[in-house]
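Taking it in order: structure first as structure tokens, then the write-up.
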Amino acid sequence: MGSVKLFGGIEGGGTKFNCIVGTSPNDIRREARFPTTTPNETLDEAIRFFQQAEADFGNLAALGIACFGPLDVTPASPTFGFILPTTKPHWSNFNVLGKLKSAFDIPIALDTDVNGAAFGEWTWGAAQGLDTFIYLTIGTGVGGGAMVNGKLLHGLLHPEMGHIRIPHDIQRDPYEGWCPFHKDCFEGLASGPAMEARWGQKAETLPPNHPAWDLEAHYIALALANFIVTLSPQRIILGGGVSTQKFIFPMIRQKVVEILNGYVQSPAVNEKIDEYIVPPALGARSGVLGAIALAQKV
Ligand code: ADP
Ligand code: ZN
């Protein structure tokens with residue numbers, strides 16, 4: 001009848017859930033966010049939001065969920081759509097996809113939060129036209145989504161880019177690191193909570209001239225250099241709470257160029273680094289809009 005098909009998108013984060021109904025960044029019909037508590041309570045709230053939207057706008061064509069992990073994203077797996085064992089209380093082995101399926105008899109797309117954000121940026125944002133790039137979040141956790149040769153990367157489980165090991169100079173930075181599994185992996189050294197534990201104050205309260213930022217840019221640049229030489233991304237998008245500090249972008253870019261030391265022979269790195277390491281074009285909505293984009297493809 002010519003009516004527009006509406007989609008639902010969920011970005012399931014470790015601290016909050018974002019939900020939207022719409023078709024694109026320019027057509028968001030309704031939006032809500034609420035804290036992540038227990039899985040049943042949190043998903044019930046999301047389900048009520050979409051049921052109300054269906055009552056008001058008509059049935060949704062499909063749902064997409066971009067969810068924190070570790071998450072089983074292998075369709076053939078018996079636990080597809082489950083949260084895998086995690087230190088996050090209550091969520092281990094919870095069937096996120098099953099819970100949504102029991103409430104909505106429509107196609108439901110699922111991927112990690114960071115792959116969702118990558119897909120949102122590819123569809124409408126800073127990665128349009130690329131086929132190989134990464135989206136990294138630096139927030140409560142550190143994680144990365146990747147598209148490789150036009151497809152979102154899953155592999156064995158899904159990448160865990162926050163847990164790579166990077167050089168940690170104990171003389172310069174005696175802080176032991178935050179990760180419960182590895183202590184001083186990338187996330188253990190560079191996440192928001194790591195900054196807070198190291199400096200005794202929240203990252204958002206550290207002024208631009210504080211030494212915290214040079215160290216933070218150093219760790220991020222080391223990690224990006226590793227991703228550049230392993231995945232050969234055509235662009236790197238840096239999202240998450242810590243990356244909202246725009247002044248760290250020039251610091252990170254300069255350090256990446258120094259660390260690579262001329263080895264990667266591309267103008268993207270050597271001449272146009274300002275366009276190579278960039279913030280998300282969709283701001284804080286990359287993930288939830290990515291969930292809509294995933295739903296449109298399912
Ligand atoms: P989440 O990762 O939980 O989805 P965020 O991406 O906002 O949420 O990350 C939260 C972390 O980022 C916290 O450790 C917080 O201190 C830090 N953070 C949030 N906003 C800022 C900011 N504007 N500047 C620096 N750090 C921030
Ligand atoms: Zn780790």
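Counting convention: from 1, in listed order, for ligands and their atoms alike. In this chain, numbering begins with 1 at the start of the sequence shown.
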**OP:** Would you confirm whether E176, through its side chain, and D184, through its main-chain N or O, come within 3.5 Å as a donor-acceptor pair?
**Re:** no
Subject >> Sub-4.5 Å side-chain heavy-atom contact between S286 and E11 >> reply: no
Original post:
Near the Zn ion (ligand 2), which protein N/O/S atoms are found at less than 2.8 Å?
Top reply: H163 ND1, C179 SG, H182 ND1, C185 SG
**OP:** Output yes when the distance from some N or O of ligand 1 to some N or O of E196 is under 3.5 Å, and no in every other case.
**Re:** no
Original post:
Would you say Q245 and ligand 1 have an N/O pair spaced under 3.5 Å apart?
Top reply: yes
Original post:
Is there any N or O on T244 that sits under 3.5 Å from an N or O of ligand 1?
Top reply: yes
Subject >> Neighbour count >12 (heavy atoms, 6.0 Å) for atom CZ, R253 >> reply: yes
**OP:** Going by heavy-atom distance to atom 1 (P) of ligand 1, choose the closest among D113, V142, T140.
**Re:** T140
**OP:** Compute the minimum heavy-atom distance from M195 to ligand 1 and say whether it is under 4.0 Å.
**Re:** no
Original post:
Would you say Y263 has more than 12 foreign heavy atoms packed within less than 6.0 Å of its OH?
Top reply: no
**OP:** Specify the protein heavy atom at minimum distance from atom 6 (O) of ligand 1: its residue, its atom name, and the distance to 0.1 Å.
**Re:** G241 N, 2.7 Å
Original post:
Does any N/O atom on E204 come nearer than 3.5 Å to any N/O atom on ligand 1?
Top reply: yes
Subject >> From the candidates G192, G14, A284, the one that places a heavy atom nearest atom 14 (O) of ligand 1 >> reply: G192
Subject >> side chain to side chain contact (heavy atoms under 4.5 Å, CB included) partner of H158, chosen from V73, T74, D72 >> reply: V73
Subject >> Exam field: side chain W91 to backbone T37, donor-acceptor pair closer than 3.5 Å >> reply: yes
**OP:** Check each of A212, A203, G143 against atom 26 (N) of ligand 1 and report the one with the nearest heavy atom.
**Re:** A203
Original post:
Is K297 salt-bridged to D111, going by a charged N under 4.0 Å from an acidic O?
Top reply: no
Subject >> salt_bridge(D56, R29) N-O dist < 4.0 Å >> reply: no
Original post:
Counting only heavy atoms not in D105, do more than 12 sit closer than 6.0 Å to its CG atom?
Top reply: no
Subject >> Ligand-residue contact atoms, ligand 1 with G240, heavy atoms, under 4.0 Å >> reply: 6 (O)
Subject >> Contacting atoms of ligand 1, where contact means under 4.0 angstrom from a heavy atom of V242 >> reply: 12 (O), 25 (C), 26 (N), 27 (C)
**OP:** Under 4.0 Å from a heavy atom of P193: give me the atoms of ligand 1 that qualify, with their elements.
**Re:** 14 (O)
**OP:** Please find out if less than 6.0 Å separates the ring center of W122 from that of Y135.
**Re:** no
**OP:** Take atom NZ of K246 as the centre, draw a 6.0 Å sphere, and report whether it contains more than 12 heavy atoms from other residues, nucleotides or ligands.
**Re:** yes
Original post:
How are the rings of F17 and F68 set to each other: parallel, tilted or perpendicular (split at 30° and 60°)?
Top reply: perpendicular
**OP:** Looking only at protein heavy atoms, identify the closest one to atom 8 (O) of ligand 1 and say how far it is in Å.
**Re:** K16 NZ, 3.7 Å
